[in-house]
Amino acid sequence: PAMTQQGATLQNYNNELVKCIEDLREKREEVNRSIAKDEEEKAKIQNDLRILTERLARINDNLARKISSRNEYDKTIQETEAAYAKIMESSQTLLHVLKRESVNLTKKKQASS
């Protein structure tokens, strides 16, 4: 009977050990599935990041070109406005000179007649 009792106890331990190992394997598998899911998400995010980084680089290049172009426009506009202001000033000066000459000519004509 004692041997039978020990055998039964051993069988119980054995059953519990097998069940514990199965539980551990299930938990490991759960973690493994979670790891696989996270790795998949990580790969997707890395790909998205690569695409966004490329887009950002392209946009930065475009911006640099457009800003440079805008600066050229600003420079051309300033130079043109400055030249135009000089032309206006010269025209005004010319007009004054012509008016003065006209007055002088009129005075001379009146003096001679």
Side-chain angles (χ1 to χ4, degrees):
M3 279 302 261
T4 313
Q5 185 62 44
Q6 276 182 331
T9 304
L10 200 59
Q11 190 59 50
N12 282 343
Y13 287 160
N14 187 46
N15 289 345
E16 275 191 56
L17 270 173
V18 169
K19 190 186 181 309
C20 275
I21 290 170
E22 282 174 3
D23 283 351
L24 289 172
R25 285 188 191 281
E26 272 178 38
K27 284 177 178 156
R28 182 207 175 273
E29 196 44 51
E30 220 173 274
V31 172
N32 197 45
R33 278 195 300 270
S34 184
I35 288 171
K37 208 179 92 189
D38 286 355
E39 281 175 344
E40 197 179 309
E41 189 181 357
K42 178 186 167 185
K44 184 190 176 297
I45 289 170
Q46 281 176 328
N47 188 49
D48 290 350
L49 190 59
R50 182 182 55 75
I51 291 167
L52 287 173
T53 303
E54 286 170 8
R55 275 176 58 192
L56 184 61
R58 273 200 309 274
I59 286 173
N60 279 334
D61 288 347
N62 286 343
L63 263 176
R65 272 199 307 277
K66 288 174 183 174
I67 288 169
S68 171
S69 175
R70 182 182 65 188
N71 291 344
E72 285 296 317
Y73 276 111
D74 287 345
K75 188 174 160 226
T76 303
I77 289 167
Q78 277 180 331
E79 288 170 357
T80 307
E81 284 176 341
Y84 182 68
K86 281 182 184 162
I87 291 169
M88 291 296 285
E89 204 180 313
S90 298
S91 298
Q92 199 176 16
T93 306
L94 182 61
L95 192 60
H96 285 316
V97 170
L98 283 173
K99 281 182 178 172
R100 199 169 54 238
E101 278 305 305
S102 179
V103 168
N104 288 343
L105 287 171
T106 306
K107 282 181 184 170
K108 279 183 188 170
K109 187 182 168 205
Q110 284 171 350
S112 67
S113 54

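The structure presented is a predicted model; accordingly, all values stated were derived computationally and were not measured. Along the sequence shown, the residues carry numbers beginning at 1.
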Contacts of type side-chain hydrogen bond (donor to acceptor under 3.5 Å, both in side chains), residue Gln110, not counting sequence neighbours: none
Set of side-chain hydrogen bond (donor to acceptor under 3.5 Å, both in side chains) partners for Asp23, sequence neighbours left out: Lys19
Chi angles and distances behind the side chain to side chain contact (heavy atoms under 4.5 Å, CB included) call for Arg25, Ile21: CA-CA 6 Å; Arg25 285 188 191 281; Ile21 290 170; 3.8 Å; yes
Distance (rounded to the nearest 0.5 Å) between Ser34 OG and Glu39 CD: 10.0 Å
Pairs flagged by side chain to side chain donor-acceptor pair (under 3.5 Å) wherever residues 90-102 is involved - sequence neighbours left out: none
Side chain to side chain donor-acceptor pair (under 3.5 Å) contacts touching residues 59-83 (sequence neighbours left out): Asn62-Arg65
Inter-residue atom distance Asn14.CG - Glu16.CD, 0.5 Å rounding: 10.5 Å
Spatial distance of atom CG (Leu105) from atom CG (Leu98) [nearest 0.5 Å]: 10.0 Å
side-chain contact (heavy atoms from CB on, under 4.5 Å) against Glu30, all qualifying residues, sequence neighbours excluded: Arg33
Any donor-acceptor N or O pair under 3.5 Å, side chains Asn15, Gln11: yes
Pairs meeting criterion side chain to side chain donor-acceptor pair (under 3.5 Å) with involvement of residues 40-55, two or more places apart: Lys44-Asp48, Asn47-Arg50, Arg50-Glu54
